[in-house]
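Structure, as C-alpha cells:
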Amino acid sequence: MNDINKNSPIPLYYQLEEYIKGLIEIGEFNPGDALPPEREFAEKYQISRMTVRQAFTDLVNEGYLYRIQGKGTFVAERKIEHPLQVLTSFTEDMKARGLVPGSILMHFRKIPATIQLAEQLGIAENAPVYDIKRIRLADGVPMAIESTYLSAELTKGLTEEIVTESSLYEYIEEQLKLTIDRAVQTIESSVAGIAEAEILHISVGAPVMLIQNRSFQKDGVPVEFVKSIYRADRYKFSIEIKRDKTYR
Ligand code: 16G
C-alpha cells in the first residue's frame with residue numbers, strides 16, 4: 001500500500017492525515033459520512049491504533065472530522081469561508097451562504113467607558129457604552145462569541161430584541177442612518193478555554209481565532225469595537241491581495 005509509507009521520514013499519523021484529507025477532497029468521503037473505525041484503519045495499513053487516533057484527533061481539531069461519542073467519527077461540513085476584503089455583518093454572511101443566522105444573548109448592559117474602551121470608541125472616559133455579548137449561530141450551531149462595545153450616545157435606542165432577533169448593522173444603517181464605511185481587523189490564533197469550549201460546543205484546547213474589529217464612519221468616528229472568538233474548525237478567512245512592485 002503506497003498511501004502509507006513506513007520507510008518515509010514523515011510520521012505515519014501525518015501520512016494518514018494527508019491520505020484521509022485527500023479522500024475527502026476527491027469526494028470519496030462526503031460531509032456526514034462515517035469513517036471506518038480506527039481498528040479497521042490500523043489493520044488495513046498495519047499501523048497502531050494510537051497512530052490512527054492521533055491522525056483522527058488532528059483532523060477533528062482542524063475541522064475535517066467530528067466525533068459523536070459512542071457512534072464514531074464523521075466527515076465535517078466544509079468550513080465557512082469569510083472574505084476579508086469586504087465588511088459584512090454576521091447576518092449577511094450567513095444569509096449569503098443559505099444558512100439561518102441566529103444569536104443567543106449572554107448579556108446586554110450599559111457600562112461607563114473604561115480608558116481602553118473610551119480610546120477605541122473615541123469617546124470620553126465613563127461615557128455610556130453598550131456592552132453586548134452574543135453567541136452567533138448558523139442554522140442553530142454556535143460559530144462565534146461576540147463582545148460588542150458601542151457608544152450609547154451614537155447608537156441610541158438599541159435594545160436586547162434588536163441584537164437578538166435581527167442585525168446590529170441593519171439597525172445602525174437603516175434606523176440610525178449611520179454609514180459604516182470601513183474597519184480595521186486583527187486576527188490571532190488561540191485555544192478554547194473551559195467556558196468558550198462549552199459555549200461553542202468544542203473541546204477545551206481546540207483551536208479558535210480571536211478577531212478584533214473596529215468599524216468607522218466616513219468621517220473617522222468609530223462605530224463599534226468588537227472582540228470575537230471564532231471556531232477554527234468551522235471558519236476560514238480569505239483575502240485577495242495584489243503584488244506590489246515597490247517592494248521588489
Ligand atoms: C460581524 C462583525 C462584527 C459586527 C457584526 C454585526 C467581523 C469580524 N465582525 O460579525 O464586528 O458587529 O458582524 O452582525 O466582521 P449583525 O449585524 O448580524 O448583528
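In listed order, ligands and their atoms are each counted from 1. Scope of the values below: all heavy atoms of this structure, side chains included, with no hydrogens, waters or symmetry mates. Position 1 is the first residue of the sequence, and the numbers go up from there.
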Protein residue, atom and distance nearest to [atom], heavy-atom basis:
atom: atom 9 (N) of ligand 1; answer: Asn213 ND2, 3.8 Å
atom: atom 13 (O) of ligand 1; answer: Phe90 N, 2.9 Å
atom: atom 17 (O) of ligand 1; answer: Ser167 OG, 2.6 Å
atom: atom 7 (C) of ligand 1; answer: Gln185 NE2, 3.5 Å
atom: atom 12 (O) of ligand 1; answer: Glu224 OE1, 2.7 Å

Practice problem: Report yes or no: do Ser48 and Arg53 form a side-chain donor-acceptor pair below 3.5 Å? | Solution: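 No - no donor-acceptor pair under 3.5 Å links their side chains.
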Quiz item: Side-chain donor-acceptor pair under 3.5 Å between Ser238 and Glu81, yes or no?
Solution: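 Note: Ser238 and Glu81 side chains meet the donor-acceptor criterion.
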Report, one line per pair, each donor and acceptor closer than 3.5 Å where one atom sits in a side chain of residues 112-129; sequence neighbours left out.
unit_1 : atom_1 : unit_2 : atom_2 : d
Thr114 : OG1    : Leu117 : N      : 3.1
Gln120 : OE1    : Arg214 : NE     : 3.1

Taking distance alone, with N or O pairs closer than 3.5 Å, would you say [X] contacts ligand 1?
X: His82; answer: no
X: Val226; answer: no
X: Thr148; answer: no
X: Thr91; answer: yes
X: Ile211; answer: no
X: Ser228; answer: no
X: Arg134; answer: yes

Measuring from non-hydrogen atoms of [X] to any atom of ligand 1, is the shortest distance under 4.0 Å?
X: Arg136; answer: yes
X: Thr88; answer: yes
X: Tyr230; answer: yes

Quiz prompt | Glu161 CD to Thr159 OG1 distance, which is reported to the nearest 0.5 Å | solution =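 Spacing of CD (Glu161) from OG1 (Thr159) equals 4.5 Å.
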Quiz item: For atom 5 (C) of ligand 1, which candidate among Lys95, Glu146, Glu92, Met209 provides the closest heavy atom?
Solution: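 Among Lys95, Glu146, Glu92, Met209, the closest heavy atom to atom 5 (C) of ligand 1 belongs to Glu146.
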Self-check item: Heavy-atom nearest option to atom 16 (P) of ligand 1, drawn from Ile132, Val86, Leu168
Solution: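 Going through Ile132, Val86, Leu168 one by one, Leu168 has the nearest heavy atom to atom 16 (P) of ligand 1.
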Is a donor on one side and an acceptor on the other found under 3.5 Å between the side chain of [X] and the backbone of [Y]?
X: Lys6; Y: Gln46; result: yes
X: Ser8; Y: Ile10; result: yes
X: Lys79; Y: Ala232; result: yes

Exercise. Could you please spell out the steps behind the ring pair (Phe, Tyr, Trp, His ring centres under 6.0 Å) verdict for Tyr149 and Tyr130?
Key: CA-CA 6 Å; Tyr149 303 93; Tyr130 285 124; over 10 Å; no
Expected list for residues 176-189: side-chain donor-acceptor pairs under 3.5 angstrom, two or more places apart:
unit_1 : atom_1 : unit_2 : atom_2 : d
Lys177 : NZ     : Glu174 : O      : 3.0
Gln185 : NE2    : Asn213 : OD1    : 3.1

Quiz prompt | More than 12 heavy atoms of other groups within 6.0 Å of Ile194 CD1 | solution =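 No.
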Practice problem: Give a yes or no on this: more than 12 heavy atoms of other residues, nucleotides or ligands lie within 6.0 Å of atom CD1 of Ile241. | Solution: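 No, because the 6.0 Å sphere around CD1 of Ile241 holds 12 heavy atoms or fewer from other groups.
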